[in-house]
Amino acid sequence: MKDFISLHDCSREEIDALLKLAIKLKDENKKGICHHHLKGKTLGMIFTKSSTRTRVSFEVGMTQLGGYPLFLSSADIQLGRGETIYDTAKVLERYLDGIMIRTFSHQDVLDLAQHADIPVINALTDLLHPCQVLADLQTIYEHKGKLEGLKLAYVGDGNNMTNSLMYGCAKMGLDCAVATPKGYAPDESVVELAKADFQKSGAKLIITNDPVEAVKDADVIYTDTWVSMGMESEKAERIKLFADYQVDSKLASNAKSDYLFMHCLPAYRGYEVSEDVIDGPNSIIFDEAENRLHAQKAVMVTLMGDK
Ligand code: CP
Ligand code: NVA
């Protein structure tokens, strides 16, 4: 594994190994055991979109591993003024040991990884958010003691989270049911690629417009904002269109009684999720947020650690 760009590119064994390492690093961290696996190494962190969790968890994670995180806002580097991805890759590989990038175009991340001889980590594009889903798989495993055989229901906008969740469920053998309004289904090419992995793992994929059908007997209910970064101009229209897709206690009552509520955050209470659900006893949103730290440390150690 040179890069971490899509869970589809990882084998089930690789994801398993990342999850095991994440859990080990988390345990060591809680016990105060120092693990400077990346001593003297530097991670460049390119952001062309906002972030709270991703920025802080990568910076803290790199620091805990004995390395140095270098925040590179696109507003401050020449990439933001039109320098090419190619030149940026060829220059940054001379200074850095790894690059983490959050940006709009998924192709830009693929190009960066192709041209940079150092590991590239996808920290969210318009298409995918694999770091979040790796942390989510860790969180589900910690709460349920298994992944295979569970059912995850995603309700809302078919976006980068939906795409990565489908890839993650397909690889790890969770049934995945996605309910979106018409016209907001997840990316077709992602669905096609995920289908092959669902077949391999024996898990089921359901794509529907009916949230009740999706949530029925689910172990996990997942939702995300209706207005992803870059879609702000569609906000009013989306709020109207998505009104029947709020995860509230009535919808959640179709799930198993011990269902987990998950959300990558940031959340907008009263829109994609009601307050009683997101702040209720089934919600594990802050465990998910914490696990970003541990899961990404596992990714960095795997990609950037001495072999
Ligand atoms: N979930 C997530 O990626 O959060 P941020 O946008 O705050 O990084
Ligand atoms: N779908 C959201 C995820 C934020 C972490 C977005 O892209 O804005």
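Residue numbers start at 1 and run along the sequence shown. Each ligand, and each atom within it, is numbered from 1 in the order the structure gives.
None of Thr125, Thr103, Asp108 except one satisfies the side-chain hydrogen bond (donor to acceptor under 3.5 Å, both in side chains) rule with Thr48; the exception is Thr103.
For ligand 1, the protein residues within 4.0 angstrom (heavy atoms only) are Ser51, Thr52, Arg53, Thr54, Arg102, His129, Gln132, Cys264, Leu265, Arg292.
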Subject >> Audit row: Glu290, Lys30, salt bridge (charged side-chain N to carboxylate O under 4.0 Å, His left out) steps and yes/no >> reply: CA-CA 12 Å; Glu290 176 186 336; Lys30 301 279 177 201; 2.7 Å; yes
Ligand 2 polar-atom proximity to protein (N/O, under 3.5 Å):
residue, atom, partner, partner atom, Å
ligand 2, 1 (N), Asn159, ND2, 3.4
ligand 2, 1 (N), Asn160, OD1, 2.8
ligand 2, 1 (N), Asp224, OD2, 2.6
ligand 2, 1 (N), Ser228, OG, 2.7
ligand 2, 7 (O), Asn160, ND2, 2.9
ligand 2, 8 (O), Met229, N, 2.8

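Note that CG of Leu65 and NZ of Lys41 are 11.0 Å apart. Values are rounded to the nearest 0.5 Å. Put simply, CE on Met45 and CD1 on Ile101 are 12.0 Å apart, with the number rounded to the nearest 0.5 Å.
For CD of Glu275, the number of neighbouring non-hydrogen atoms (other residues, nucleotides, ligands) closer than 6.0 Å is 12 at most. More than 12 heavy-atom neighbours from other residues, nucleotides or ligands sit within 6.0 angstrom of CZ on Phe71. More than 12 non-hydrogen atoms from other residues, nucleotides or ligands lie less than 6.0 angstrom from CZ of Phe261.
Between Tyr245 and Tyr184, the ring center distance fails the sub-6.0 Å criterion.
In this structure, the side chains of Tyr222 and Val247 stay at 4.5 Å or more apart for every pair of heavy atoms.
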